[in-house]
Amino acid sequence: MAYWLMKSEPDTFSIDDLARRPGKTEPWDGVRNYQARNHMRAMAVGDQVFFYHSSCAEPAIVGTMRVCADAAPDAAQFDPKSPYYDPASKPDAPRWFAVKVRYERTLKKPLTLSALRLHADKLPGFQLLMRGSRLSVLPVSDEHWDYIMNLTRAKDTL
DNA sequence: GCCAACGTTGGC
DNA sequence: GCCAACGTTGGC
């Protein structure tokens, strides 16, 4: 089993939105970056994922979810009315993929980016904290996952 | 709204 | 294949 982090702008899709979905599942669509796509294609059912709120007042890890379906072609790429439409992608050779995720839990208190930065020395190579990093789907090592989960417990946020 | 950093596109 | 121009991300 592997660990990941995925970003979403809460104005577009928040962890509360996920928690309200029927079955608390959702295809993680709209990813339009090759590296992020490759990470999604490397995911397996059962993998755990941090839900991160980006481009908002308080960027933070806000909860966890679990991959519940392997990456499949993202339907939005073929829909001219979708903001995620990609006219260059053809149905016989889809360019963009989406895994499906299931809501797991919301942290009682978000683990903010600024709080995470205080632990940067304990999270060497954690892509979220790396300069210029803006990937919306990124891997988290076992060690970093455990360290961050312990942080949330230490702060009594779970 | 600003801007640094990164990704993509397209002319050559 | 290079690289300038442009677009996007995302923190602040």
Side-chain angles (χ1 to χ4, degrees), chain A residues 2-21 26-43 47-65 67 71-101 103-141 143-145 147-152 154-155 157:
Chain A
Y3 301 104
W4 310 89
L5 178 147
M6 298 204 289
K7 302 178 181 177
S8 180
E9 302 186 14
D11 289 349
T12 303
F13 188 75
S14 71
I15 191 157
D16 290 341
D17 294 326
L18 176 61
R20 274 195 297 268
R21 285 292 190 267
E26 184 78 0
W28 201 266
D29 59 4
V31 171
R32 294 295 179 267
N33 169 283
Y34 289 106
Q35 215 178 328
R37 178 204 66 181
N38 293 345
H39 285 320
M40 274 206 295
R41 294 182 72 166
M43 291 180 186
D47 284 1
Q48 286 188 273
V49 186
F50 285 129
F51 194 130
Y52 179 86
H53 281 174
S54 67
S55 292
C56 56
E58 198 169 66
I61 292 173
V62 293
T64 64
M65 48 194 172
V67 175
D74 176 350
Q77 68 195 307
F78 305 124
D79 177 4
K81 291 193 288 291
S82 167
Y84 304 125
Y85 178 54
D86 180 356
S89 181
K90 300 299 167 204
D92 58 347
R95 184 176 287 186
W96 305 115
F97 288 73
V99 295
K100 226 171 136 185
V101 292
Y103 172 82
E104 203 144 74
R105 69 172 73 81
T106 302
L107 301 186
K108 288 205 180 98
K109 198 167 157 235
L111 188 51
T112 64
L113 179 60
S114 58
L116 283 164
R117 284 199 201 286
L118 298 176
H119 298 267
D121 58 331
K122 296 289 181 43
L123 299 165
F126 184 36
Q127 287 187 38
L128 186 74
L129 301 182
M130 301 197 72
R131 166 192 159 85
S133 166
R134 7 166 258 189
L135 255 194
S136 64
V137 179
L138 49 97
V140 179
S141 72
E143 292 77 12
H144 291 170
W145 180 275
Y147 187 83
I148 292 167
M149 289 304 289
N150 281 330
L151 273 185
T152 69
K155 287 161 58 78
T157 53

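Small disclaimer: the values here were computed from a predicted structure and weren't measured. Here is the naming used below: chain letters follow the sequence lines, and residue numbers restart at 1 for every chain. Side chains included, hydrogens not; waters and symmetry mates left out as well; all remaining heavy atoms used.
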- Query: Ion pair present between A/D86 and A/R95, side-chain N to carboxylate O less than 4.0 angstrom?
  - Reply: yes
- Take atom NZ in A/K7; do more than 12 heavy atoms of anything else shown fall under 6.0 Å from it? yes
- Identify, residue by residue, the members of residues 7-16 of chain A with a heavy atom below 4.0 Å from DNA chain B, and return them in order of residue number, or none. none
- Message: From CE of A/M130 over to C1' of C/dG11, roughly how many Å is that when rounded to an integer?
- Response: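 Going from CE in A/M130 over to C1' in C/dG11 covers 17 Å.
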- Query: To the nearest Å, how far apart are A/Q127 CD and C/dG10 P?
  - Reply: 13 Å
- Which value, rounded to the nearest 0.5 Å, describes the distance between A/L18 atom CG and A/S8 atom OG? 9.5 Å
- Examine distances only and state if a side-chain atom of A/D47 and a backbone atom of A/A2 form a donor-acceptor pair shorter than 3.5 Å.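 Looks like yes, one N/O pair under 3.5 Å.
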- Okay, side chain of A/T112, backbone of A/E58: is any donor-acceptor separation there less than 3.5 Å?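 Not a single qualifying donor-acceptor pair exists.
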- Query: Of the options A/I148, A/L138, A/L107, A/V62, which is the one that meets A/F50 in a side-chain contact (heavy atoms from CB on, under 4.5 Å)?
  - Reply: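 Among the candidates, only A/I148 passes.
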- What is the per-nucleotide protein-contact pattern of nucleotides 4-9 of chain B, from the 5' end, where B denotes a base atom under 4.0 Å from a protein heavy atom, S denotes such proximity for sugar-phosphate atoms only, and - denotes neither? -BBSS-
- Can you check whether A/F51 and A/W4 have ring centres sitting under 6.0 Å from each other?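 So the answer is no for these two rings.
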- Task: With sequence neighbours left out, write down each residue that passes salt bridge (Lys or Arg N to Asp or Glu O under 4.0 Å) with A/R20, or none if nothing qualifies.
- Result: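 Only A/D17 meet the salt bridge (Lys or Arg N to Asp or Glu O under 4.0 Å) criterion with A/R20.
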